[in-house]
Each structure stands twice: as structure tokens, then as C-alpha cells.
Amino acid sequence: MCGIAALQLKDPALRPQLGVLMHGMLCEIVERGPDSAGISVYGDARLNPEGVATVSLLDSGRPDADIAAALTDLLGMPATVATLGDTTLASAAASTDELSAALRIAAPGARQIGRGDSVATLKGIGNPVALAEQFGLESVSGTQGVSHTRMATESAVTASGSHPFTVADDLCLVHNGSFSNHASIRRELKAQGVEFDSDNDSEVAARYLATRIEAGDTLPEALENLKAVFDGFYTLVVTTADGLAVLRDPIACKPAIIAETDQWVAMASEYRALAALPGIEDARIFEPEPGEVYSWTF
């Protein structure tokens with residue numbers, strides 16, 4: 001079933017409240033996905049300080065201080081490492097490629113599940129409300145966030161199988177539904193040299209979008225191409241450092257509702273996740289049309 005909640009804050013005055021608002025939205029979709037959860041947050045000074053790259057890890061295998069010391073030696077610059085629940089965040093004033101390569105040496109058994117200059121991705125197994133507490137969600141500030149509560153259908157309950165999938169710099173995808181042809185698309189992408197971190201069908205969609213954007217597509221164009229290639233039932237939310245997009249399958253099997261004001265735009269699987277947002281009584285509220293790409297940028 002799965003639950004999605006996403007929020008983009010157009011009004012800078014609201015950005016210190018991002019975590020509180022996202023926490024309230026997440027709490028209203030717990031029943032849709034009680035086995036695991038994740039969130040990606042953009043622009044938080046604690047999770048992803050300005051001017052540094054951040055890579056998210058699962059199963060780091062070493063104490064944070066040891067990884068930080070190894071990264072500092074490898075990169076020749078200070079690095080910070082902090083674990084929140086199941087996820088470890090490593091940051092340094094390097095490129096994401098440099099940091100990722102150094103982490104393969106400093107934490108060789110870890111899974112890298114997120115990367116970027118603007119985003120921090122956190123995932124875990126367990127009740128989403130408890131995970132939100134581990135992540136310190138209510139203390140988060142920033143420009144936008146996307147969260148997901150998972151009810152596993154296509155793969156096992158693991159932290160790596162949780163959403164969001166952050167497979168390229170600052171590109172995150174969450175998904176409610178299932179893709180019927182994900183195995184064949186995975187094989188095609190692997191033949192192109194694309195590597196995967198899980199057996200989740202949603203990761204295939206994220207990897208596909210990343211390849212399309214790398215080839216020159218805008219985010220809306222990449223989603224139009226995805227719609228033509230992927231079969232199944234789905235609602236997708238995709239975020240970048242400066243954008244948010246929503247797409248439902250052509251018969252709109254999975255629920256979605258959007259609300260928009262001059263201050264923010266939000267999407268959720270159910271209206272109750274939007275009901276406490278400031279100014280909701282004056283928002284434009286609508287159900288996204290089947291097969292239509294909706295997108296917003298700062």
C-alpha cells in the first residue's frame with residue numbers, strides 16, 4: 001500500500017519549520033506502510049551543511065570516529081560522520097564522487113544509499129514514527145522534503161529496500177505501487193553498466209530517471225519517458241535540489257492528492273496528511289490527473 005508525503009516550501013520564512021511540518025505529515029501515513037520508512041531532506045544545515053557533499057550509508061561496519069579519521073586521511077580535509085538510527089551520514093568539502101570513492105575504502109562493506117550537495121537521505125526498519133524520532137526529524141529545517149512509509153510487496157523488508165531512492169546527486173524517488181516489467185528494464189540498465197543496491201522495483205525507476213537526466217532530459221521529460229517504458233500501477237514523487245514532480249500511472253490506480261498555496265506545495269497519499277499545513281483552508285486542492293506530469297521549481 002505504502003504512503004507518500006512531500007513538501008516544498010516556497011516561502012523562506014517557513015523553512016525553519018520543515019521538520020515539524022514533515023513530521024506531522026508522516027504521522028498521518030503510518031498505517032499505509034508500517035514496516036519501514038525513509039525521508040530525504042534538502043537544505044538542512046545539520047544533516048547536509050552548505051558547501052559539503054553528503055553520502056548516506058547503511059551497514060557502515062565501523063565506529064563513526066574511525067570512518068571520519070580514515071576519510072580525513074584519504075581526502076586530505078576534515079570529514080564528519082554521524083549515525084542516526086540505521087543510517088550513517090558522511091560529509092566533507094569534496095565532490096560527491098571523491099567522497100563516495102573514499103568511503104569505499106574507509107567503509108568497504110557499507111551500502112551507499114544517498115548522495116548530493118543539497119540532500120540527506122535517512123532510512124530504517126521499524127515503525128515510521130519511531131524512526132522519525134531517531135532521525136531527529138522535528139528539528140530539521142530546509143527547503144523541501146519527501147518521506148515514505150513502506151508496506152513491502154515486491155522485495156524484503158530491509159533498510160536498503162526502503163524509500164526514498166537517492167541514486168544520483170540530489171535526485172530522490174518515492175513510489176507507491178508496483179512495476180510489472182521492472183526485471184527486464186533492470187537487465188537493460190545493467191547491460192549499460194548501471195549498478196543496483198537492492199532488488200526493489202522502485203530502484204529500477206530511480207536508476208532509469210537518473211540515466212535519462214544524465215542524457216539531457218529535464219525532470220518532466222524523464223518522467224514522460226518513464227511513463228512510456230514502465231508498466232504497472234504507481235504514484236511517483238521525484239525531487240531534485242530545486243524541484244519536485246508527481247506522476248500517476250495512466251489509469252490512476254494509486255491515490256494521490258496535491259495542495260498548493262503561495263507559500264508551499266504539498267503532495268500526500270491521503271488528505272489527512274495535508275490537513276494541518278498552514279493555510280490549508282485557502283489552498284488549491286486537487287487530485288492529479290492520470291498520466292500527467294506535475295512539476296514545481298523554486
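From a predicted model like this one, the values you see are computed outputs, not experimental measurements.
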Should we say atom CD of Glu221 is surrounded by more than 12 heavy atoms from elsewhere, each under 6.0 Å from it?
yes
Less than 4.5 Å apart, side chain to side chain, heavy atoms only: is that true for Phe135 and Val140?
no
Do Val167 and Ile113 sit in one hydrophobic cluster, given that two such residues count as connected whenever their side-chain heavy atoms are within less than 4.5 Å of each other, even indirectly?
no
Roughly how far, to the nearest 0.5 Å, is CG of Leu9 from OH of Tyr42?
13.5 Å
State plainly whether one hydrophobic cluster holds both Leu14 and Leu47, where clusters connect Ile, Leu, Val, Met, Phe, Trp and Tyr through side-chain heavy atoms under 4.5 angstrom apart.
yes
So Arg207 and Lys190, do their side chains get closer than 4.5 Å, heavy atoms only?
no
Taking Ser40 as the fixed residue, which of Thr166, Val174, Asp170, Leu171 is the one that meets the side-chain contact (heavy atoms from CB on, under 4.5 Å) rule?
Thr166
I want to check something: taking the side chain as every heavy atom from C-beta on, are His148 and Ile4 in contact at a cut-off of under 4.5 Å?
yes
Are Tyr294 and Phe286, when compared by the centres of their aromatic rings, separated by less than 6.0 Å?
yes
Nearest non-hydrogen partners of Ala6 and Leu244, listed with the distance:
CB-CD1, 4.0 Å
To check you understand the geometry: which heavy-atom pair defines the closest contact between Ala168 and Ala210, and what is its length?
CB-CB, 4.0 Å
Are Leu99 and Leu74 joined in one hydrophobic group, where the rule is that I, L, V, M, F, W and Y side chains link up if heavy atoms are under 4.5 Å apart?
no
Check residues 76-91 and write down every donor-acceptor pair under 3.5 Å in which the side-chain atom is one partner and the other belongs to a residue at least two apart or another chain.
residue : atom : partner : partner atom : Å
Thr83   : OG1  : Asp64   : OD1          : 2.7
Thr83   : OG1  : Asp64   : OD2          : 3.2
Thr83   : OG1  : Thr88   : OG1          : 2.8
Asp86   : OD2  : Ile125  : N            : 3.0
Thr87   : OG1  : Lys123  : N            : 2.8
Thr87   : OG1  : Lys123  : O            : 2.8
Ser91   : OG   : Thr54   : OG1          : 2.8

Phe179/Val204 under side chain to side chain contact (heavy atoms under 4.5 Å, CB included): CA gap, chis, key distance, verdict:
CA-CA 9 Å; Phe179 295 113; Val204 180; over 6 Å; no
Run the side chain to side chain contact (heavy atoms under 4.5 Å, CB included) check on Leu219 and Ser295 step by step: do they pass?
CA-CA 8 Å; Leu219 177 57; Ser295 65; 5.7 Å; no
Spacing of CG belonging to Leu103 relative to CD belonging to Glu98, to within rounding of 0.5 Å
12.0 Å
Minimum heavy-atom distance Thr96-Ala53, with the two atoms named
CG2-CB, 3.6 Å
Could you state the interatomic distance from NE2 (His163) to CG (Asn200), rounded to the nearest 0.5 Å?
4.5 Å
Check for a donor-acceptor pair, side chain of Glu270 on one end and backbone N or O of Ile29 on the other, with a separation under 3.5 Å.
no
As an exercise, state the distance from CD1 of Ile39 to OG1 of Thr149, rounded to the nearest 0.5 Å.
11.5 Å
Please report the interatomic distance CH2(Trp296) to CE(Met267), rounded to the nearest 0.5 Å.
9.0 Å
Starting from the C-alpha separation in whole Å, work towards a yes-or-no answer on side chain to side chain contact (heavy atoms under 4.5 Å, CB included) for Tyr271 and Ile280.
CA-CA 10 Å; Tyr271 173 77; Ile280 188 67; 3.7 Å; yes
If every non-hydrogen atom of Ser202 is compared with every non-hydrogen atom of Phe165, which pair is closest and at what distance?
CB-CE1, 3.7 Å
Among the clusters formed by ILVMFWY side chains lying less than 4.5 Å apart, do Leu173 and Ile185 turn up in the same one?
yes
Scan for salt bridge (Lys or Arg N to Asp or Glu O under 4.0 Å) pairs involving residues 103-122, sequence neighbours excluded, and state none if there are none.
Asp97-Arg115, Arg115-Asp169
CG (Leu247) and NE2 (His175) are apart, to the nearest 0.5 Å, by 10.0 Å
For residues Pro128 and Leu26, report the shortest heavy-atom separation together with the two atoms involved.
O-CD2, 3.9 Å
Would a hydrophobic clustering, with Ile, Leu, Val, Met, Phe, Trp and Tyr connected at side-chain separations under 4.5 Å, put Leu7 with Val41?
yes
Sequence neighbours left out, cut at 3.5 Å: what donor-acceptor pairs do the side chains of residues 226-237 make with other protein atoms?
residue : atom : partner : partner atom : Å
Lys227  : NZ   : Glu224  : OE1          : 3.0
Lys227  : NZ   : Gly291  : O            : 2.6
Thr235  : OG1  : Lys254  : O            : 3.1

Look at the side chain of Ser162 and the backbone N and O of Gly38, then say whether any donor-acceptor pair between them is shorter than 3.5 Å.
no
Could you tell me whether a side-chain N or O of Arg62 sits under 3.5 Å from a main-chain N or O of Ala106, the two making a donor and an acceptor?
yes
Check: Thr143 and Gln8 side chains under 4.5 Å, non-hydrogen atoms
no
Going by heavy atoms in the side chains, are Gln144 and Cys172 under 4.5 Å from each other?
no
Would one find more than 12 heavy atoms of other residues, nucleotides or ligands at under 6.0 Å from atom CD of Glu50?
no
I'd like to know if the side chain of Glu133 pairs up with that of His23 as donor and acceptor (distance under 3.5 Å, no hydrogens or angles considered).
yes
Backbone N/O of Thr297 and side chain of Asp242: donor-acceptor pair under 3.5 Å
no
Do side-chain atoms of Asp44 reach the backbone of Ser141 as a donor and acceptor pair under 3.5 angstrom?
yes
Check the pair Leu189, Phe196 against side chain to side chain contact (heavy atoms under 4.5 Å, CB included), reporting the backbone distance first and the verdict last.
CA-CA 9 Å; Leu189 291 173; Phe196 287 82; 3.9 Å; yes
Assess the side chains of Gln112 and Ser100: does a donor N or O sit below 3.5 Å from an acceptor N or O?
yes
State whether the side chain of Trp264 and the backbone N or O of Gly279 hold a donor-acceptor pair below 3.5 Å, judged by distance alone.
no
Look at the side chain of Ser118 and the backbone N and O of Gly43, then say whether any donor-acceptor pair between them is shorter than 3.5 Å.
no
Closest non-hydrogen atom pair between Val20 and Glu138, with its separation:
CG2-O, 3.5 Å
Keeping the roles fixed (side chain from Arg248, backbone from Glu289), state whether a donor-acceptor pair exists under 3.5 Å.
no
Side chain to side chain, Met22 and Ser147, heavy atoms closer than 4.5 Å
yes
